Amino acid sequence: MKNWPALLVAPLLALTNLSITYSLVTPSCSHQNMLAPHLVSALLLLLCAWMSWAAWRNWTDAGSERNEPSDAARERKPFLALVAFMVGSLSCLVVIAQWFPQWVLSPCAS
């Protein structure tokens, strides 16, 4: 798998989580049920984690290829995979941070 999903899509999923869960506050309050926002956050967290895992796997695979002579183009692949892994991991932490208030606060709190 390529590195671009963890690098570009994972942060977009974190922003999408914020938008979707915010839009589900009113229906959750009227039904007194927080299942939908929890499902959205869980699904998007799993997607971010899967993309981060794929970037981490690319980083470890690219690191095993570094036994060859040093070349700037050859060193770019593990660096990009590491940056993608870090961005994906940060996106996972953002989704968790956005999910935490759903556990603590009521959707009807004004």
Side-chain angles (χ1 to χ4, degrees):
M1 182 174 194
K2 303 288 184 189
N3 293 319
W4 67 266
L7 197 58
L8 299 175
V9 178
L12 290 175
L13 289 178
L15 293 173
T16 302
N17 180 50
L18 182 64
S19 299
I20 292 174
T21 54
Y22 183 72
S23 68
L24 290 173
V25 168
T26 303
S28 296
C29 181
S30 65
H31 296 298
Q32 290 295 311
N33 187 356
M34 286 294 292
L35 182 63
H38 286 303
L39 288 176
V40 168
S41 294
L43 176 67
L44 294 178
L45 179 62
L46 287 174
L47 286 172
C48 282
W50 175 68
M51 291 176 197
S52 300
W53 174 77
W56 175 77
R57 196 180 66 208
N58 288 341
W59 178 51
T60 56
D61 291 346
S64 64
E65 299 171 1
R66 295 190 66 197
N67 295 335
E68 302 168 5
S70 180
D71 184 9
R74 218 175 266 136
E75 291 178 4
R76 201 173 302 142
K77 185 177 178 182
F79 175 74
L80 185 61
L82 175 63
V83 170
F85 168 67
M86 293 172 75
V87 168
S89 298
L90 181 63
S91 298
C92 289
L93 289 175
V94 168
V95 171
I96 291 170
Q98 291 171 351
W99 195 3
F100 180 72
Q102 295 176 27
W103 292 101
V104 177
L105 301 174
S106 167
C108 298
S110 50

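Note that the coordinates shown come from a computational prediction; the quantities given were computed from them, not determined experimentally. Residues take their numbers from the sequence shown, with the count starting at 1.
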Answer yes or no: is the gap between the SG atoms of C48 and C92 smaller than 2.5 Å?
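No.
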Working to the nearest 0.5 Å, report the span between [atom1] of [X] and [atom2] of [Y].
X	Y	atom1	atom2	value
K77	N3	NZ	CG	8.5 Å
W56	D61	CH2	CG	9.0 Å
S91	I96	OG	CD1	11.0 Å

Exercise answer: donor-acceptor pairs, residues 4-15 side-chain atoms, under 3.5 Å, sequence neighbours excluded:
none

Exercise answer: donor-acceptor pairs, residues 34-45 side-chain atoms, under 3.5 Å, sequence neighbours excluded:
unit_1 : atom_1 : unit_2 : atom_2 : d
H38    : ND1    : W99    : NE1    : 2.9
S41    : OG     : N17    : OD1    : 3.0
S41    : OG     : P37    : O      : 3.2
S41    : OG     : Q102   : NE2    : 3.1

Taking only residues at least two apart or on different chains, which pairs with a member in residues 22-33 satisfy side-chain hydrogen bond (donor to acceptor under 3.5 Å, both in side chains)?
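Listed by first then second residue: nothing to list.
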Using a side-chain heavy atom cutoff under 4.5 Å and only I, L, V, M, F, W and Y, what cluster partners does L18 have?
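None; L18 is a cluster of one.
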Co-members of the apolar cluster containing V94 [side chain, <4.5 Å]:
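None; V94 is a cluster of one.
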Applying the 4.5 Å side-chain criterion to the ILVMFWY set and letting contacts propagate, would L82 and L90 be lumped into a single cluster?
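Hydrophobic grouping puts L82 apart from L90.
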